[in-house]
Amino acid sequence: MGAIVLSQLRDIINYMKKVVLILVGFLLAQAALAEDLTPVKLAEPDSVTKVEDAQESVAPSKEISEASEEAVDADVAQAEAQDCACTEDCPDDVAVPLQAVVIFDWPDLTQAERDERIEEYRAAIFGPDPVSKYNKVACLEQYEDYLKDFDFKENLWTVRNQGSATEKANLCAFYWKEVLVSYAVQYKNDMRTVYYYNLKGTLQYVDVISEDYPNFPYTSVQYRANGKLVSGIYFASRDMQYMYEPNGDFQGIWYKENMYNRKGKKSLTRTNW
């Protein structure tokens with residue numbers, strides 16, 4: 001009789017454990033849903049001070065510390081150098097970008113030839129005098145309609161689910177140590193400007209692309225939302241990009257997954273090519 005009672009008690013305990021696990025799972029799901037649906041207070045674009053305060057106070061992700069900002073910047077610049085223009089299997093109504101055959105000969109050139117090319121592409125990006133910083137007020141006024149991504153819940157949901165486009169825009173996600181930290185929006189009615197947002201939907205960077213896009217070669221300069229220049233890139237082809245620092249100094253040339261320095265030596269490798 002005692003054995004039967006013990007057996008029944010064990011069955012009841014196991015059943016209660018299952019009920020508790022189900023309830024915990026349900027509560028966690030509800031909490032996650034509530035976090036995703038929490039409304040975000042929008043910054044006021046007509047106030048420069050308030051916009052700057054909002055940009056300083058919102059971190060790219062609660063999982064990312066301030067110490068990782070430079071690493072995130074490097075990942076964004078690296079990913080930016082990967083052109084996502086359609087080059088094959090394009091829809092019938094999308095023109096395939098023009099791309100000349102470009103031979104990777106950087107390590108085989110003389111130093112004088114490399115230096116000449118560096119100067120040529122620097123001038124193509126920045127002109128004779130690189131502008132390290134635009135007027136902050138003018139920059140904020142120019143992009144005041146994009147200081148907040150008003151579709152950020154839809155866009156964030158899309159990139160989190162491996163999507164790359166919505167009806168209005170092309171999207172691209174950026175990760176740091178496999179954690180989503182930001183995303184980019186390229187509106188289909190303005191393909192020459194790309195907006196980078198943190199996970200709160202606050203503008204972080206703006207890419208301004210030359211008129212040649214999407215045909216190669218073309219150039220791109222990237223600015224922070226406060227107008228500070230971040231980088232300049234000369235896109236020679238889908239596989240080859242020349243990278244420049246904000247002051248115009250040459251950083252290196254990406255060819256597929258490898259970067260080569262001014263002297264033609266391999267200096268970096270990217271894993272998300």
Is the backbone N or O of [Y] less than 3.5 Å from a side-chain atom of [X], with the two atoms forming a donor-acceptor pair by type?
X: Trp106; Y: Asn261; answer: yes
X: Glu113; Y: Thr110; answer: yes
X: Glu257; Y: Trp254; answer: no
X: Gln186; Y: Ala184; answer: no

- Query: Would you call Arg114 and Asp105 a salt bridge, using N to O less than 4.0 angstrom?
  - Reply: no

- Give a yes or no on whether a salt bridge exists between Asp115 and Arg262, defined as a side-chain N under 4.0 angstrom from a carboxylate O. yes

Student check: side-chain heavy atoms of [X] and [Y] closer than 4.5 Å:
X: Asp151; Y: Lys168; result: yes
X: Thr202; Y: Gln204; result: yes
X: Leu199; Y: Val181; result: no
X: Leu109; Y: Arg117; result: yes
X: Met259; Y: Lys266; result: no

How close do [X] and [Y] get, counting heavy atoms only, and between which atoms?
X: Lys148; Y: Tyr197; result: C-CE2, 3.9 Å
X: Ile125; Y: Ser220; result: CG2-O, 4.3 Å
X: Gly264; Y: Pro107; result: O-CB, 3.8 Å
X: Val102; Y: Ser237; result: CG2-CB, 4.0 Å
X: Val159; Y: Tyr175; result: O-OH, 4.0 Å
X: Met240; Y: Tyr255; result: CE-CD1, 4.0 Å

Rounded to the nearest 0.5 Å, what separation is found between the [atom1] atom of [X] and the [atom2] atom of [Y]?
X: Ser182; Y: Leu156; atom1: OG; atom2: CG; answer: 10.5 Å
X: Arg160; Y: Leu180; atom1: CZ; atom2: CG; answer: 6.0 Å
X: Ser210; Y: Ile233; atom1: OG; atom2: CD1; answer: 11.5 Å
X: Glu154; Y: Glu167; atom1: CD; atom2: CD; answer: 8.5 Å
X: Asp212; Y: Thr219; atom1: CG; atom2: OG1; answer: 7.0 Å
X: Asp239; Y: Lys256; atom1: CG; atom2: NZ; answer: 5.0 Å

Counting neighbours of [atom1] on [X] that are heavy atoms of other residues, nucleotides or ligands and sit closer than 6.0 Å, is the number greater than 12?
X: Lys188; atom1: NZ; value: yes
X: Glu116; atom1: CD; value: no
X: Gln111; atom1: CD; value: yes

- Which residues pass the salt bridge (charged side-chain N to carboxylate O under 4.0 Å, His left out) test with Asp249, sequence neighbours left out? none

- Stepwise side chain to side chain contact (heavy atoms under 4.5 Å, CB included) check, Val221 with Asp207: CA-CA 6 Å; Val221 288; Asp207 275 356; over 6 Å; no

- Message: Checking side-chain hydrogen bond (donor to acceptor under 3.5 Å, both in side chains) between Tyr183 and each of Asn155, Asp149, Thr158, Asn198, which is the one that passes?
- Response: Asp149

- Task: May I ask you to check whether Asn258 and Thr269 show a side-chain donor-acceptor distance below 3.5 Å?
- Result: yes

Please report whether the ring centroid of [Y] lies less than 6.0 Å from that of [X].
X: Phe235; Y: Phe216; answer: no
X: Phe152; Y: Trp157; answer: no
X: Tyr260; Y: Phe104; answer: yes
X: Phe174; Y: Tyr196; answer: yes

- Task: Begin with the C-alpha distance, continue with both residues' side-chain angles, and end with the deciding distance and a verdict on side chain to side chain donor-acceptor pair (under 3.5 Å) for Thr193 and Asp190.
- Result: CA-CA 6 Å; Thr193 308; Asp190 180 18; 3.2 Å; yes

- Task: Pick out which of Tyr234, Tyr121, Phe250 makes a ring-ring contact (aromatic ring centres under 6.0 Å, His included) with Tyr244.
- Result: Phe250

